[in-house]
Engineer: 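The structure under discussion is supplied below as structure tokens; questions concerning it will follow.
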Amino acid sequence: MVETIRVNLKVNGKQYVLDIPPDERLIDTLRYRLGFTSIKEGCGRGECGSCIVLVNGLPRHSCLTLTATLDGAEILTVEGLAPEGKLHAIQVAFLETRGVQCGFCTPAFMLLTKALLDKTLDPSDEEIKQWLASAICRCGSYHYYFKAVRKAAEYLKKGKILFDEKEVRKNLYKLPLLR
Amino acid sequence: MSKPEYVEIVEKVFDKTRSKPTKEFKYIGKEILRWDAISKIRGEKIFVADLINLFKNPVFVYSVRTKYAHARIKKIDVSEAEKYPGVIRVLTYKDIPGINDVGYVIPDQPLLADKKVRYIGDTVALVIAESLENARDAGELVNVEYEPLEVILDPLKIVEWGGLREKEHTLIHDERGSDVVSRYKIRAGDIKKAEQEAAVVIENEYRTPMQEHAYIETEAAIAIPEPNGGVTIYAKTQCPFDTRRAVAQVLGLPFSMVRVIAPSLGGGFGGAEDVGNEIAAKAALAALVTKRPAVVLFTREESIIGHAKRHPMIARYKHMAARDGALLGVEAEIILDTGAYASLGPFVGWRAIVHSTGPYRVKNAKIDLAVVYTNKVYAGAFRGFGNPQVSFAVERQMDLLAEELGIDPVEIRLKNALRNGDRTVHGQLLDHGVGLVEAIQKAVEAANWYEKRKLYANQKGLLRRGIGIAVMYHGNSIGAEGADFSSATIIIQRDGSIIFRTGLTDFGQGAIQGIVNIIAETLGVPPTYIKVEWPDTAATPDAGPTVASRSTVMGGNAALVAAYRLRQRLNRLASELLGCDPEKIVIDAPDVYCSDDPENKITWQELVEQSFWKGVPLQEFGYFRAPPAEWDEETGQGAPYMHYTFGAIISDVELDMETGVVRVKEAVTAYDIGRLINKTGADLHAIGGYIQGMGYAIMEDLYYSPDGKVYNVSLSTYHVPTALDIPEKITPIWVEAGFRRGPYGAKGLGEPSIVAIAPSIANAVANALGGRVEVSKDVNKIPLTPDYIYSIIKKHKLLRK
Ligand code: FES
Ligand code: FES
């Protein structure tokens with residue numbers, strides 16, 4: 001029998017008590033044990049950044065983190081950015097600036113944005129670049145993502161954090177929706 | 001022979017809308033949010049590996065790879081591995097029920113190595129276990145007895161200059177009796193005479209690297225055994241129908257028993273073409289053996305050593321020109337290194353030779369090209385498909401000619417550029433839709449070319465600037481590579497929503513959104529009504545492969561044909577309901593009315609409901625086949641592609657003379673894509689293609705140890721551009737010269753977006769180095785790494801002046 005370790009984790013606002021093997025990676029706990037698949041594995045070595053999640057508000061490579069070391073921690077993934085039916089200002093900004101291509105990298109870039117904007121709502125261009133350099137977008141959407149960060153900062157400054165998803169759809173398309 | 005109806009529809013739509021400016025369309029050319037954007041920013045389960053949790057009790061499949069890059073296999077013993085805890089089975093070539101081959105174009109690539117291994121990624125056994133860890137650990141216990149053979153990494157050990165004859169060497173593919181996969185040639189005019197008449201002749205050798213796609217999603221497949229003995233596979237693949245063929249062949253099953261579904265892909269760039277077949281076959285085999293869902297997941301290292309790369313090229317070019325810069329002739333020998341297996345190499349070689357003289361009027365040409373095997377990772381499809389390699393050489397040559405003749409690089413290109421009414425080097429008449437000159441002019445203006453060129457002359461400092469231009473053309477779709485058809489299904493649902501089915505995949509490139517825009521425009525409904533289904537060989541029609549910049553044109557045409565027919569039917573019904581001519585019906589959903597009586601309207605939903613009651617069928621299938629391409633093997637004459645996308649790229653770089661570091665500061669891309677269909681996607685693609693091309697130009701290459709192991713198998717050693725490496729600004733410009741056989745006149749952009757990036761950067765670097773021919777000639781190899789550039793600076797003592 002593999003020994004397990006008991007870990008208390010808060011993921012996306014919900015409390016979990018998990019008995020897990022000591023060598024289990026956070027990415028596997030989140031993706032396969034708990035089903036938060038927005039986090040992606042692109043390398044497993046801390047190089048691509050697509051597995052980034054926020055641990056106590058700061059970006060962390062979930063592929064290089066052992067869950068057993070996180071007792072009592074609070075974790076945020078894209079699934080936790082907004083409740084059902086709502087979208088977070090960062091998600092709206094990423095939609096509006098239209099940089100999503102294959103979208104495999106997008107969750108990580110949104111979480112990097114979240115951590116940066118939690119720190120300051122007036123990041124300099126250089127700061128934005130530095131923060132976003134923690135993940136790779138092979139489709140090459142960087143310029144769009146820079147814009148998304150600024151756009152999200154604007155919303156957050158105005159205190160607009162959550163948006164109604166239906167409204168967003170309507171405004172984004174500026175086109176009639178079927179329902 | 002009369003024209004097929006589908007060709008008539010495409011041409012009719014083009015003729016009717018030819019003079020309509022793009023801005024007057026309702027959906028075409030607009031910045032419409034892509035169909036899957038919301039699910040992507042919500043992090044929904046749309047990629048293969050996200051689905052694993054949905055299947056109970058899966059097994060995991062690990063590929064045990066060879067320890068030698070070239071060896072004969074004497075014995076494979078899996079008995080120890082099979083005893084390892086958690087291991088269910090270990091499979092070798094003997095366990096393959098069908099044909100042990102996943103070669104894409106020619107049958108040269110076993111799924112599981114049998115007699116030989118030919119590169120470091122070859123799989124010798126598959127371990128199937130309860131967990132991936134178990135499978136990996138057990139893999140260590142697979143015992144293979146090898147007889148190592150000479151490892152050949154240099155294509156010049158296979159063929160030699162002066163005719164590209166094959167040399168004596170240890171054969172990699174003994175079973176074929178030769179390591180030359182294929183040869184192509186162009187013979188046009190009289191090259192000897194051209195050389196005699198030439199005022200200048202420029203000769204140089206060029207080398208391009210083995211580029212890795214580095215899509216962020218690594219390979220993944222899940223296979224589920226079906227009750228009837230068949231199998232369903234979710235796989236990261238660009239071409240589900242090709243994947244089905246490969247899997248069926250390996251399993252010895254009819255196509256109908258193999259179902260391949262391709263969810264969203266986290267990047268493809270051509271690389272998810274044949275490895276998709278391999279992973280699907282591995283998963284399917286394990287699923288059928290164990291009767292459980294089987295998962296294949298590649299690590300980054302496996303991905304880098306295990307999937308096809310961009311062919312490295314070595315080429316010798318000789319350009320001949322008159323005093324005024326007019327090109328008289330081009331002579332070249334080109335070697336493409338396809339690594340251990342042909343993959344799409346024969347087609348890559350063909351595309352390379354077609355484009356080997358650039359988008360210029362060339363009357364005299366003698367080109368020879370050979371695609372050869374080595375013991376490197378196999379090379380196959382990668383955005384551009386042979387064209388970026390030859391374009392690098394050609395566009396450097398054009399700059400050297402310009403320098404030698406004292407002509408501006410823009411002027412020499414304008415002098416020779418293909419125009420409407422010209423013939424290509426293959427003798428193909430381009431009677432319309434050639435927007436190259438306009439692209440050059442627009443790029444030159446936007447980049448401030450002439451001013452900057454003056455500004456950057458005679459620099460002395462440690463940081464120097466340079467500006468360079470490169471132009472390109474790129475044949476749309478697969479041309480003479482094979483039967484070129486596409487199909488699509490559109491089904492209007494009873495509530496007015498619409499289901500669109502295509503076998504084309506979406507790996508981020510934006511073409512599917514382009515097709516959605518085409519359907520929306522044609523039917524008169526907002527794109528938001530249209531739902532795109534996942535490509536599924538059991539449900540979506542075969543649209544041909546998602547390759548070759550063909551989705552917008554070929555997939556778009558098929559969808560246009562289907563939408564057009566539906567629209568005709570709806571117009572007729574609406575005319576009965578509203579009492580005007582069918583031609584006068586305006587559908588601007590949710591409103592439907594007669595153009596002369598807009599007040600009197602019905603809704604789209606009412607029209608759809610009436611169709612159900614009145615027996616008007618609301619599903620339609622569309623098909624389009626490209627006109628057969630022509631190609632004479634002996635002379636390279638004919639009409640290789642139905643049409644070409646054209647482009648001009650200008651790059652502005654900064655060069656650190658003390659370190660050799662190159663940084664791109666700004667760039668302008670101008671492409672003639674016939675008609676701008678999907679503005680958002682096109683802009684993203686021009687910019688993203690530029691960034692990937694910049695990686696190719698200055699940082700990306702795969703490095704091998706002498707025994708054929710890849711040194712840089714991670715993203716910290718294989719460098720791709722990050723947010724800190726990219727130019728401040730990349731400006732996309734669109735030229736819309738039209739194409740009569742494209743949907744609303746559109747041409748492809750997928751591959752063109754990378755073709756001329758590297759030469760534009762190399763030309764800018766040569767400019768920054770001072771633009772003297774003897775120095776510039778040394779800028780003949782990419783990537784332009786700091787050590788390489790610094791070696792040029794040192795050799796020519798450029799820093800002291
Ligand atoms: S998967 Fe963690 S950094 Fe790449
Ligand atoms: S959108 Fe594809 S990797 Fe970023």
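When reading the values below, keep in mind they use all heavy atoms of this one structure, side chains included, and skip hydrogens, waters and symmetry mates. Below, chains carry the letters A, B, ... as their sequence lines are ordered, and counting in each starts from 1.
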Engineer: Checking B/K45 side chain against A/G35 main chain: does a donor-acceptor pair fall under 3.5 Å?
Structural biologist: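 Side chain of B/K45 to backbone of A/G35, a donor-acceptor pair under 3.5 Å: yes, one is there.
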
Engineer: Please identify, among B/G510, B/G681, B/P721, B/S39, the residue contributing the most non-hydrogen atom pairs under 4.5 Å to chain A.
Structural biologist: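 Between B/G510, B/G681, B/P721, B/S39, the count favours B/P721.
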
Engineer: Quick one: pull up CG in A/D28 and CG in B/L132 and give me the separation to the nearest 0.5 Å.
Structural biologist: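 Here the rounded value is 9.5 Å.
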
Engineer: Pick one of side chain, backbone, both or neither for B/F298, based on which atoms fall under 4.5 Å of a heavy atom in chain A.
Structural biologist: neither

Engineer: What part of B/D50 gets closer than 4.5 Å to chain A, counting heavy atoms only: side chain, backbone, both or neither?
Structural biologist: both

Engineer: Under a 4.5 Å heavy-atom cut-off, does chain A meet the side chain of B/L297, its backbone, both or neither?
Structural biologist: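 Just the side chain, heavy atoms under 4.5 Å.
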
Engineer: Is chain A contacted by the side chain of B/E301, its backbone, both, or neither, given a heavy-atom distance below 4.5 Å?
Structural biologist: neither

Engineer: Would you say the side chain of B/L684 lies within less than 4.5 Å of the side chain of A/S141, judging by non-hydrogen atoms?
Structural biologist: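 When only atoms from C-beta onward are counted, B/L684 and A/S141 do touch, with a gap below 4.5 Å.
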
Engineer: Which region of B/F47, side chain (C-beta onward) or backbone (N, CA, C, O), has a non-hydrogen atom less than 4.5 Å from a non-hydrogen atom of chain A, or is it both or neither?
Structural biologist: side chain

Engineer: Shortest non-hydrogen contact from A/C43 to B/L715?
Structural biologist: CB-CD1, 4.5 Å

Engineer: For A/Y145, which atoms come within 4.5 Å of any heavy atom of chain B: side chain, backbone, both, or neither?
Structural biologist: neither

Engineer: Which residues pass the side chain to side chain donor-acceptor pair (under 3.5 Å) test with B/D683, sequence neighbours left out?
Structural biologist: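 Side chain to side chain donor-acceptor pair (under 3.5 Å) check on B/D683 returns B/K679, B/W734.
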
Engineer: Which atoms of A/K40 come close to chain B, meaning under 4.5 Å heavy atom to heavy atom: side chain ones, backbone ones, both, or neither?
Structural biologist: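 Side chain only.
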
Engineer: For B/I691, is it the side chain, the backbone, both, or neither that has a heavy atom closer than 4.5 Å to a heavy atom of chain A?
Structural biologist: side chain

Engineer: When heavy-atom pairs shorter than 4.5 Å are enumerated against chain A, which of B/E44, B/Q509, B/E31 gives the highest number?
Structural biologist: B/E31

Engineer: Would you check if the side chain of B/H685 reaches a backbone N or O of A/C139 as a donor-acceptor pair within less than 3.5 Å?
Structural biologist: no

Engineer: Less than 4.5 Å to any heavy atom of chain A: does that hold for the side chain of B/S264, its backbone, both, or neither?
Structural biologist: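 It is neither, since no heavy atom gets under 4.5 Å.
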
Engineer: Over all heavy atoms of both residues, which pair between B/S714 and A/E47 is shortest? Give the atoms and the distance, please.
Structural biologist: CB-OE1, 3.3 Å

Engineer: Please state whether the side chain, the backbone, both or neither of A/Y144 comes within less than 4.5 Å of a heavy atom of chain B.
Structural biologist: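 Interface part for A/Y144: side chain.
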
Engineer: Which atoms form the tightest heavy-atom contact between B/G43 and A/V78, and what is the distance?
Structural biologist: N-CG1, 4.1 Å

Engineer: Minimum heavy-atom separation for A/V100 and B/R34, please, with both atom names.
Structural biologist: O-CD, 3.2 Å

Engineer: Below 4.5 Å from any heavy atom of chain B, which atoms of A/L87 appear? Answer side chain, backbone, both or neither.
Structural biologist: side chain

Engineer: For A/E41, is it the side chain, the backbone, both or neither that has a heavy atom under 4.5 Å from a heavy atom of chain B?
Structural biologist: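 The backbone, not the side chain.
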
Engineer: Out of curiosity, A/C137 SG to B/I726 CD1, how far, rounded to the nearest 0.5 Å?
Structural biologist: 9.5 Å

Engineer: Rounded to the nearest 0.5 Å, how far apart are OG1 of B/T717 and CZ of A/R45?
Structural biologist: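 Atom-to-atom, B/T717:OG1 and A/R45:CZ are 7.0 Å apart.
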
Engineer: Would you check, one step at a time, whether the test side chain to side chain contact (heavy atoms under 4.5 Å, CB included) holds for A/Q101 with B/K40?
Structural biologist: CA-CA 9 Å; A/Q101 296 191 60; B/K40 282 174 174 171; over 6 Å; no

Engineer: Name the member of B/N53, B/V525, B/D506 that forms the most heavy-atom pairs with chain A at distances under 4.5 Å.
Structural biologist: B/N53

Engineer: With a 4.5 angstrom heavy-atom cut-off, could you sort out which part of A/C105 is near chain B: side chain, backbone, both or neither?
Structural biologist: neither

Engineer: Name the option with the most non-hydrogen atom pairs under 4.5 Å to chain B; the candidates are A/L95, A/L132, A/I136, A/I128.
Structural biologist: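 Top count of heavy-atom pairs under 4.5 Å with chain B: A/L95.
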
Engineer: Which atoms of A/R31 are under 4.5 Å from chain B, going by heavy atoms: the side chain, the backbone, both sets, or neither?
Structural biologist: both

Engineer: Looking only at heavy atoms and a cut-off of under 4.5 Å, which of A/E79, A/H88, A/Q130 has the most pairs with chain B?
Structural biologist: A/Q130

Engineer: Identify which part of B/Q513 has an atom lying under 4.5 Å from any heavy atom of chain A, answering side chain, backbone, both or neither.
Structural biologist: neither

Engineer: NE2/A/H143 to CD1/B/I687 distance, rounded to the nearest 0.5 angstrom?
Structural biologist: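 Atom-to-atom, A/H143:NE2 and B/I687:CD1 are 6.5 Å apart.
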
Engineer: Quick one: are A/F109 and B/I41 in side-chain contact, heavy atoms under 4.5 Å?
Structural biologist: no

Engineer: Could you tell me which of B/T680, B/I730, B/T218 has the largest number of non-hydrogen atom pairs under 4.5 Å with chain A?
Structural biologist: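 Top option by heavy-atom pairs under 4.5 Å: B/T680.
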
Engineer: Heavy atoms only, distances under 4.5 angstrom: which of B/K30, B/R42, B/K729 has the most pairs with chain A? Name it, please.
Structural biologist: B/R42

Engineer: Is there a salt bridge (charged side-chain N to carboxylate O under 4.0 Å, His left out) between B/E700 and A/R138? Walk through the geometry before answering.
Structural biologist: CA-CA 13 Å; B/E700 298 182 32; A/R138 185 56 157 169; 2.7 Å; yes

Engineer: If you take all heavy atoms of A/Y142 and B/T722, which pair is closest and at what distance?
Structural biologist: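 It is OH-CA, 3.4 Å.
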
Engineer: What closest approach, in Å, do B/F507 and A/C102 show between heavy atoms, and which atom pair accounts for it?
Structural biologist: O-CB, 3.4 Å

Engineer: Return the set of residues passing side chain to side chain donor-acceptor pair (under 3.5 Å) with A/Q91 (not counting sequence neighbours), or none when no residue passes.
Structural biologist: none

Engineer: Could you have a look at B/G266, B/A723, B/S716, B/G695 and say which one has the most heavy-atom pairs with chain A under 4.5 angstrom?
Structural biologist: B/A723

